[in-house]
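Take a look at the structure below.
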Amino acid sequence: MYHPKMTLFVKERTSSGKDRLGNETFTYAEPVPVEGCMFAPGQPKDLVVERPEGVEIRATAYFPKGWAQRLKKAKVSTDGKLWLTVIGEPVEYPDKMLPPRWPWRCIVPLGATDG
């Protein structure tokens with residue numbers, strides 16, 4: 001069975017300390033290419049995502065095993081120019097519930113924040 005795959009770029013979010021008021025600040029790492037992904041504009045109809053006001057789901061990404069925890073609050077791009085933010089906390093599917101040789105282990109909603 002053929003599964004379409006592509007390379008997506010991920011900028012992981014890391015803590016960069018605290019500001020003068022004691023709030024934690026963040027930076028994004030250099031982009032890392034992740035092979036074996038799939039990218040689709042929009043949101044699957046059966047995927048319900050709680051999202052804060054002002055966030056619109058623009059696309060859905062499917063990632064291979066081992067990426068779910070690294071994607072929390074990261075940024076994802078297909079071309080390294082337009083970056084979308086991961087919404088929520090991606091969770092990896094248990095291996096027992098996936099078909100044999102299914103290449104993706106987590107679905108990741110991506111959005112752009114207005115404001």
ask   = Run the side chain to side chain contact (heavy atoms under 4.5 Å, CB included) check on Val108 and Trp67 step by step: do they pass?
value = CA-CA 10 Å; Val108 182; Trp67 273 91; over 6 Å; no
message = What verdict does the side chain to side chain contact (heavy atoms under 4.5 Å, CB included) test give for Arg105 and Asp95, after you've listed the backbone C-alpha separation in whole Å, the side-chain angles of each residue and the deciding distance to 0.1 Å?
response = CA-CA 8 Å; Arg105 295 294 187 255; Asp95 286 334; 3.1 Å; yes
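With rounding to the nearest 0.5 Å, the separation of CD1 in Ile107 from CD in Glu92 is 12.5 Å. For the atom pair CG of Leu8 and CG of Leu84, the computed distance is 10.0 Å after rounding to the nearest 0.5 Å.
If you chain together hydrophobic residues whose side chains sit under 4.5 Å apart, Tyr62 and Leu98 fall into the same group. Note on Trp104: it clusters hydrophobically with Tyr93, by side-chain heavy-atom contacts below 4.5 Å among ILVMFWY residues.
Taking the charged nitrogens against the carboxylate oxygens, Glu24 and Lys18 have no contact shorter than 4.0 Å, which rules out a salt bridge. Of the charged side-chain nitrogens involved, at least one lies within less than 4.0 Å of a carboxylate oxygen, so that Glu12 and Arg70 count as a salt-bridged pair.
Across Phe9 and Pro31, no two heavy atoms sit closer than the pair CB-CB, 4.4 Å. Heavy atoms only, all atoms of each residue included: Lys73 and Arg13 are closest at CD-NH2, 3.1 Å. For the pair Ala68 and Val91, the tightest heavy-atom approach, listed with the atom from each and the gap, is CB-C, 4.0 Å. Across all non-hydrogen atoms, the minimal contact from Phe26 to Ser15 is CD2-CA, 3.9 Å. Contact record, Ile87 with Leu110: CD1-C, 3.9 Å, taken as the closest heavy-atom pair.
For the pair Ser16 (side chain) and Thr25 (backbone), a donor-acceptor distance under 3.5 Å is present. In terms of modelled atom types and a separation under 3.5 Å, the side chain of Ser77 and the main chain of Leu82 share a donor-acceptor contact.
Residues Pro103 and Pro64 are not in side-chain contact: their nearest non-hydrogen atoms beyond the backbone lie 4.5 Å or more apart. Contact annotation: the side chain of Met38 never approaches that of Met6 to less than 4.5 Å [non-hydrogen atoms, C-beta and beyond]. The side-chain heavy atoms of Leu71 and Val10, taken from C-beta on, include a pair separated by under 4.5 Å.
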